[in-house]
Enquirer: 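Before I ask anything, here is the structure I am working with.
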There are 2 protein chains.
Amino acid sequence: MGKNVIFIGIIHSPYKTRADAPSQGKNEISEIEISKEFEKGLKDIEGFSHLHIFYWLHESKDFTLSVNTPWDDKPHGLFATRSPNRINPIACAVVELIQRKENRLTVKGLDAIEGTPVLDIKPYIPRIDAKSEARIGWLSEKNFLDERQH
Amino acid sequence: MGKNVIFIGIIHSPYKTRADAPSQGKNEISEIEISKEFEKGLKDIEGFSHLHIFYWLHESKDFTLSVNTPWDDKPHGLFATRSPNRINPIACAVVELIQRKENRLTVKGLDAIEGTPVLDIKPYIPRIDAKSEARIGWLSEKNFLDERQH
């Protein structure tokens, strides 16, 4: 079995460059266009209010194991950050599904930039995926959370 | 930029085969061994109670766009299921971090089988990742949730 990934679609985003994109999901609307050959896989997706979108961070640059973030003046280990510059440039975001039309999904809260390749879509299931009480380590002392409130 | 992934570590699991593994995370303890060359990236990870583990479903078989699941007698679109047989065999699980010792993380709730390659680790941040009120479509009529209660 190979270790290659296949692009199954593309993200159309209001964020045109990395500089435009928020550090984590805001509430902008994006469109996910799935290749026609995979459209049949979207059957019944409308029933889910939230989805996991897996995408390829195609503008990811060389990673470093020690990362400086906008949230702290001290560096942290790469795996203790959500830096987009990763060893494997893969992201998974939780988005709200607004509408599906054929092979196009309108979603809210995706922080990917225009032209980002899509790897997969899976339904979000809160009993498995939601851990509301999770502790957030070094981020808890920062004003990280304030900026992303609705 | 290539479209291939790198394995950064390996999962040691009590589940030895696909038949052993639960359909979604239960509460077994697993160990994630990160390659020594990437150990520095784990700095400060201890502060987070929950992590996203990205892994490669190395025993994933040929996908189909219409999927029969254990939860329903009707098929559903691949993207409306969490079938492990996917176009890109990538999974992302939320686990509880129990302990870190050097390049080894002891975690709870990982449904990967023994020998599964690791792609990435990111901190779980509830304000971004937890959507407790999400609707779950066709699964809501099934007894899907009962089996995974703690």
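Below, read A as the first sequence line, B as the second, and so on, with proteins coming before strands; counting in each chain starts at 1. As a basis for the values below, the full set of heavy atoms in this structure was taken, side chains included, without hydrogen atoms, waters or symmetry mates.
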Enquirer: Would a 4.5 Å heavy-atom cut-off, applied to side chains only, mark A:V5 and B:N4 as touching?
Expert: no
Enquirer: Look up atom CD1 in A:I8 and atom CG in B:N88, then write down how far apart they are to the nearest 0.5 Å.
Expert: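 Atom-to-atom, A:I8:CD1 and B:N88:CG are 7.0 Å apart.
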Enquirer: Check A:P75 against B:K43 and note the closest heavy-atom contact, atom names and distance.
Expert: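 Reported closest heavy-atom pair: O-NZ, 3.8 Å.
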Enquirer: Is any NZ, NE, NH1 or NH2 atom of the basic residue among B:R82 and A:D120 found under 4.0 Å from an Asp or Glu carboxylate oxygen of the other?
Expert: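 A:D120 and B:R82: not salt-bridged.
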Enquirer: Any heavy-atom pair between the side chains of B:P123 and A:T81 that's under 4.5 Å?
Expert: no
Enquirer: When you measure from the side chain of A:R86 to the backbone N and O of B:I121, does any donor-acceptor pair fall under 3.5 Å?
Expert: yes
Enquirer: What is the minimum heavy-atom distance between B:G77 and A:D44, and which atoms define it?
Expert: N-OD2, 4.3 Å
Enquirer: Name the member of A:G41, A:S132, A:A134 that forms the most heavy-atom pairs with chain B at distances under 4.5 Å.
Expert: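 Heavy-atom pairs under 4.5 Å are most numerous for A:G41.
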Enquirer: Quick one: pull up NZ in A:K122 and SG in B:C92 and give me the separation to the nearest 0.5 Å.
Expert: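 These two atoms lie 8.0 Å from each other.
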Enquirer: In Å, rounded to the nearest 0.5 Å, how long is the span from NZ of B:K40 to CZ of A:F79?
Expert: 12.0 Å
Enquirer: Just verifying a value: how many Å separate B:K131 NZ and A:Y124 OH, rounded to the nearest 0.5 Å?
Expert: 7.5 Å
Enquirer: Is chain B contacted by the side chain of A:L119, its backbone, both, or neither, given a heavy-atom distance below 4.5 Å?
Expert: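 Both backbone and side chain.
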Enquirer: To the nearest 0.5 Å, what is the distance between CZ on B:R135 and CD1 on A:I125?
Expert: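 One finds 13.5 Å between CZ of B:R135 and CD1 of A:I125.
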Enquirer: Taking heavy atoms only and a threshold strictly under 4.5 Å, list by residue number the residues of residues 46-55 of chain A that touch chain B; give 'none' if the list is empty.
Expert: A:E46, A:G47, A:F48, A:S49, A:H50, A:H52, A:F54
Enquirer: Crowded around A:K101 NZ? As in, over 12 foreign heavy atoms under 6.0 Å?
Expert: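 It does not: A:K101 NZ has 12 such atoms or fewer within range.
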